[in-house]
Amino acid sequence: MTSSSQQAVLAALAAGILGEAYDPAVPGRMLELLHRAPGRRDRDRLLAVLGALDTRVGALLLAGRPAPLSGVAPAEAEAVVRRWAGSRLVPQRRLAAAIGPLALLAAYGWPGPARDATGYPGPLGPPPDLPRRLVPLRPDGDEELACDVVVVGSGAGGGVAAAALARAGLDVVVLEKGGYRAERDFTHQEGDALRDLYLYGTTLTTDDLGCRILAGSTLGGGTVVNYSTSFVTPPAVLAEWAATSGVEAFVNGEVEAALEAVAARAGVTEAESRPGARDRLLERGLERLGWHAGPLPRNVRGCPQDAGCGWCGFGCRTGAKQSTLVTYLEEAAAAGARLVVGADARRVLVDGDRAAGVEARMDRRATGVEAWAEGDRAAGVGARAGGTHRLVVRARAVVAAAGAIETPALLLRSGLGGRVGHHLRLHPGTAAVGVFDEPVRWWEGTLQARYSAQLRKLLGPDAPIFETVPAHPGTAAVALPWRWAADHLDLMARSANLSLVGVLCRDTGDGGRVRVDRDGSPRVRWRLNPADEARMHAGVVAAAQVLAAAGAGEVFTLQRQRPAFRPGDRDGHRDWLRAVRRAGFRPGRTTLFSYHQMGSCRIGTDPATSAVGPDHQAHDLPGLYVADASLFPTASGVNPMLSVMALAHRAATLLSARLA
Ligand SMILES: Cc1cc2nc3c(=O)[nH]c(=O)nc-3n(C[C@H](O)[C@H](O)[C@H](O)COP(=O)(O)OP(=O)(O)OC[C@H]3O[C@@H](n4cnc5c(N)ncnc54)[C@H](O)[C@@H]3O)c2cc1C
């Protein structure tokens with residue numbers, strides 16, 4: 001429960017952060033976002049702080065002014081947030097890092113004065129009136145099911161595994177914690193899409209708030225929202241994986257064959273990679289520098305590759321993106337697999353010494369199936385009563401494919417230990433941003449069509465690669481540094497003329513870890529190590545060069561102070577280089593983004609360094625298999641979807657042979 005004074009403090013702070021972009025709908029949306037965050041502990045703490053800020057003592061201690069914060073003028077609230085953001089004290093910096101993104105996303109993610117001022121057109125018309133092709137199961141209350149294999153998660157890993165297992169004649173149940181949303185449901189309203197299709201509504205971060213963690217959470221998982229880039233695992237990475245894990249399959253042709261199989265099924269092609277304005281600028285800059293530029297292979301069939309494609313991160317309305325939703329899950333369902341949505345797997349059931357099924361919490365409100373909500377209303381079922389119940393699925397084997405954050409969380413909740421949760425990799429990303437004379441509209445155009453591996457040639461295989469990403473106003477507002485309200489407003493007003501070169505880093509540190517809180521929710525610890533920070537720095541400097549060569553009038557980074565230079569101004573560039581180096585990329589200095597989580601239930605022969613064996617079976621629990629990005633021995637170094645699909649293909653092939 002939120003008190004009115006907590007709300008009032010939130011409103012005051014939001015008004016300070018947003019200035020003229022503030023509107024009264026913002027605090028309510030901030031609270032809604034806050035309630036999407038995974039851990040109750042952090043949420044309760046933040047709410048307690050908000051409450052304290054509305055007392056004289058709390059405000060004096062935390063904001064340096066002996067008067068309750070609710071009702072202060074926006075300029076005063078803005079000054080408080082600026083002090084927090086620049087503070088030497090970690091709690092203050094954390095407050096700014098927690099509240100700022102909530103306010104910015106709440107203001108720019110939905111229609112309203114903030115978004116209107118950016119020139120963003122919003123969704124391009126209504127979704128198509130196409131029938132949904134899948135019919136997820138509808139348990140009406142507490143229920144028990146039995147099957148051969150229960151698959152947890154329906155994304156790149158779970159979707160592929162479910163189809164292969166069902167095709168092998170096994171009775172399969174897929175549990176997906178997100179809802180079922182198909183073409184007709186893709187409203188392309190950014191805030192709604194981030195809330196309904198993404199894990200924890202995009203509120204998940206590392207525990208130091210240094211990196212925001214984005215993942216899909218809907219039937220089809222990440223493959224529904226992702227940017228369709230489809231790299232096979234580089235041979236050098238396969239060799240590293242074999243050496244790290246002791247698993248021969250990475251180098252004896254087995255994984256390569258699996259990569260070929262999934263790439264063929266997912267329709268991977270370079271023939272549908274027409275660049276939009278963002279990618280044309282990336283390519284132009286690279287070509288002018290004489291640097292590597294290549295077309296991105298994509299998993300699409302009949303992609304329009306037009307302006308509307310930029311919204312496809314909120315679901316592809318034409319069905320061109322070959323997500324597991326329109327490929328493997330349809331195949332699985334056709335072969336008899338039962339799909340259950342709104343089913344949050346809480347623990348793996350154990351019988352004797354074997355995994356014997358899964359217990360899940362059903363949340364009908366998360367299903368996305370209108371008929372259910374209508375049915376609940378007609379039956380007079382209130383949100384609470386109709387909200388949650390229990391589903392037990394008994395099975396001969398369990399496949400965990402809930403993604404690299406949620407799979408270890410499920411296993412830890414189920415009492416597994418060892419290396420479960422260790423070795424997490426995040427592919428931290430940042431960007432250089434250019435201001436152009438011509439409109440770029442960085443939200444539109446083919447999702448991703450060009451990349452550059454130039455730095456890998458120069459600095460080796462762990463160097464970052466360059467790609468662009470579609471930047472819609474809510475996401476852009478969070479990513480663009482907030483220095484003070486008017487400065488951020490001005491930047492957002494120029495959104496249509498911004499473009500970016502994304503710097504996608506391969507992280508090499510081994511200390512990343514997923515743990516679970518007392519309420520079972522994941523807590524992510526991850527730090528950027530000095531070697532990776534140095535490579536990220538080199539990447540940002542080079543990305544800025546690309547934008548300058550492409551014709552940007554000004555270039556800046558996403559670091560908090562937003563260091564900038566004007567191409568051609570040599571002194572300015574020298575100062576900029578100094579400022580970028582001084583700022584660095586640690587928490588409080590910049591916010592990183594992770595679109596790729598990997599490695600937290602590593603495959604390997606040695607239980608001292610891995611969580612699952614070469615056959616994908618948990619070292620500690622026979623009958624429990626892992627088939628998602630958690631398996632990676634280290635970071636893939638390229639966008640990981642195809643690697644995940646290939647490993648899931650392998651896991652399902654081994655498991656179906658065993659159960660047949
Ligand atoms: C915006 C975005 C863009 C991306 N672009 C690309 C790209 O262009 N190319 C590329 O290669 N990669 C891309 N990725 C990454 C890629 O999508 C993921 O690496 C991949 O989907 C991971 O596969 P997975 O099976 O491990 O997990 P996911 O695909 O994330 O699937 C996990 C599923 O499990 C569900 N789940 C979680 N917990 C539970 C539970 N307790 N019970 C039941 N279900 C649960 C989730 O809701 C989710 O649907 C992108 C990711 C994002 C977020």
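Values below: all heavy atoms of this structure, side chains included; hydrogens, waters and symmetry mates excluded. Read the numbers this way: they start at 1 and go in the same order the structure lists the ligands and their atoms. Predicted model, so just to flag it, every value in this text is computed and none were measured.
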*Determine if the distance from atom 18 (C) of ligand 1 to the closest protein heavy atom is below 4.0 Å.*
no
*Heteroatom distance test (Val644, ligand 1): nitrogen or oxygen, under 3.5 angstrom*: no
*Would you please indicate yes or no on a ring centroid separation below 6.0 angstrom for Tyr108 and Tyr120?*
no
*Is Asp142 salt-bridged to Arg390, cutoff N-O under 4.0 Å?*
no
*asked:* I need the contact type for Gln597 against ligand 1. Using non-hydrogen atoms and a strict under-4.0 Å cut-off, is it side chain, backbone, both or neither?
replied: neither
*asked:* Salt bridge check, Glu183 against Arg317: does any charged N sit closer than 4.0 Å to a carboxylate O?
replied: no
_Tell me the contacting part of Ser228 for ligand 1: side chain, backbone, both, or neither, using a 4.0 Å heavy-atom threshold, strictly below._
backbone
*What is the closest protein heavy atom to atom 20 (C) of ligand 1, and at what distance does it sit?*
Ala156 CB, 4.0 Å
_Nitrogen or oxygen of Val225 less than 3.5 angstrom from that of ligand 1_ = no
_How far is atom 44 (N) of ligand 1 from the closest protein heavy atom, and which atom is that?_
Lys177 N, 3.0 Å
*Which one holds for Ala401 and ligand 1: side chain close, backbone close, both close, or neither close, with close meaning a heavy atom under 4.0 Å?*
backbone
*side-chain contact (heavy atoms from CB on, under 4.5 Å) between Thr202 and Leu204, worked out*: CA-CA 6 Å; Thr202 72; Leu204 181 65; over 6 Å; no
_Using a plain distance cutoff, I'd like to know if Asp344 has any nitrogen or oxygen under 3.5 Å from a nitrogen or oxygen of ligand 1._
yes
*Starting from atom 33 (C) of ligand 1, find the nearest protein heavy-atom neighbour and note its residue, name and distance.*
Glu176 OE1, 3.7 Å
_Counting non-hydrogen protein atoms only, what is the nearest one to atom 21 (O) of ligand 1? Give residue, atom name and distance._
Gly222 CA, 3.6 Å
*Could an N or O of ligand 1 be found under 3.5 Å from any N or O of Pro640, whether backbone or side chain?*
yes
*Counting both backbone and side chain atoms, is some N or O of Leu199 under 3.5 Å from an N or O of ligand 1?*
no
*asked:* So for ligand 1, is Ala404 a polar contact partner (N or O within less than 3.5 Å, distance only)?
replied: no
*Which residue and non-hydrogen atom of the protein lie closest to atom 8 (O) of ligand 1, and at what distance in Å?*
Thr229 N, 2.9 Å
_Among all protein heavy atoms in this structure, tell me which lies nearest to atom 5 (N) of ligand 1, with the distance rounded to 0.1 Å._
Tyr227 N, 3.0 Å
*Looking only at distances, please establish whether an N/O atom of ligand 1 is found under 3.5 Å from an N/O atom of Ser217.*
yes
*Would Arg425 count as a cation-pi partner of Phe632, with NZ or CZ less than 6.0 Å from the six-membered ring centre and within 45° of the ring normal?*
no
*Please tell me if the side chains of Thr223 and Gln322 come closer than 4.5 Å, counting only heavy atoms from C-beta onward.*
no
*Quick one: do Asp363 and Arg361 make a salt bridge, cutoff under 4.0 Å?*
no
*Is it the side chain (CB and beyond), the backbone, both or neither of Tyr198 that lies under 4.0 Å from ligand 1, heavy atoms counted?*
side chain
*In terms of side-chain geometry, is the basic nitrogen of Glu32 or Arg43 positioned less than 4.0 Å from the acidic oxygen of its partner?*
no
*Would Arg278 and Glu283 count as a side-chain contact (heavy atoms from CB on, under 4.5 Å) if you check the C-alpha gap in whole Å, the side-chain angles of each, and the deciding distance to 0.1 Å?*
CA-CA 9 Å; Arg278 263 178 295 121; Glu283 192 169 38; over 6 Å; no
*atom 50 (C) of ligand 1: nearest protein contact (heavy atom, Å)*: Asn226 CB, 3.3 Å
_N-O pairing of Arg523 and Asp207 below 4.0 Å_ = no
_Less than 4.0 angstrom from a charged side-chain N to a carboxylate O is my criterion; do Arg274 and Asp279 meet it?_
no
*Do Ser495 and Trp442 come close enough that some side-chain heavy atom pair is under 4.5 Å?*
yes
*Is the closest heavy atom of Gly313 to ligand 1 under 4.0 Å?*
no
*Protein heavy atom at shortest distance from atom 37 (C) of ligand 1*: Ala402 O, 3.3 Å
_ligand 1 contacted by Leu410 (non-hydrogen, < 4.0 Å)_ = no
*Any N/O of Leu642 closer than 3.5 Å to an N/O of ligand 1?*
no
*What atoms in ligand 1 come closer than 4.0 Å to a heavy atom of Ala215?*
53 (C)
*Compute whether any side-chain donor of one residue and acceptor of the other, for Thr187 and Asp192, lie under 3.5 angstrom apart.*
no
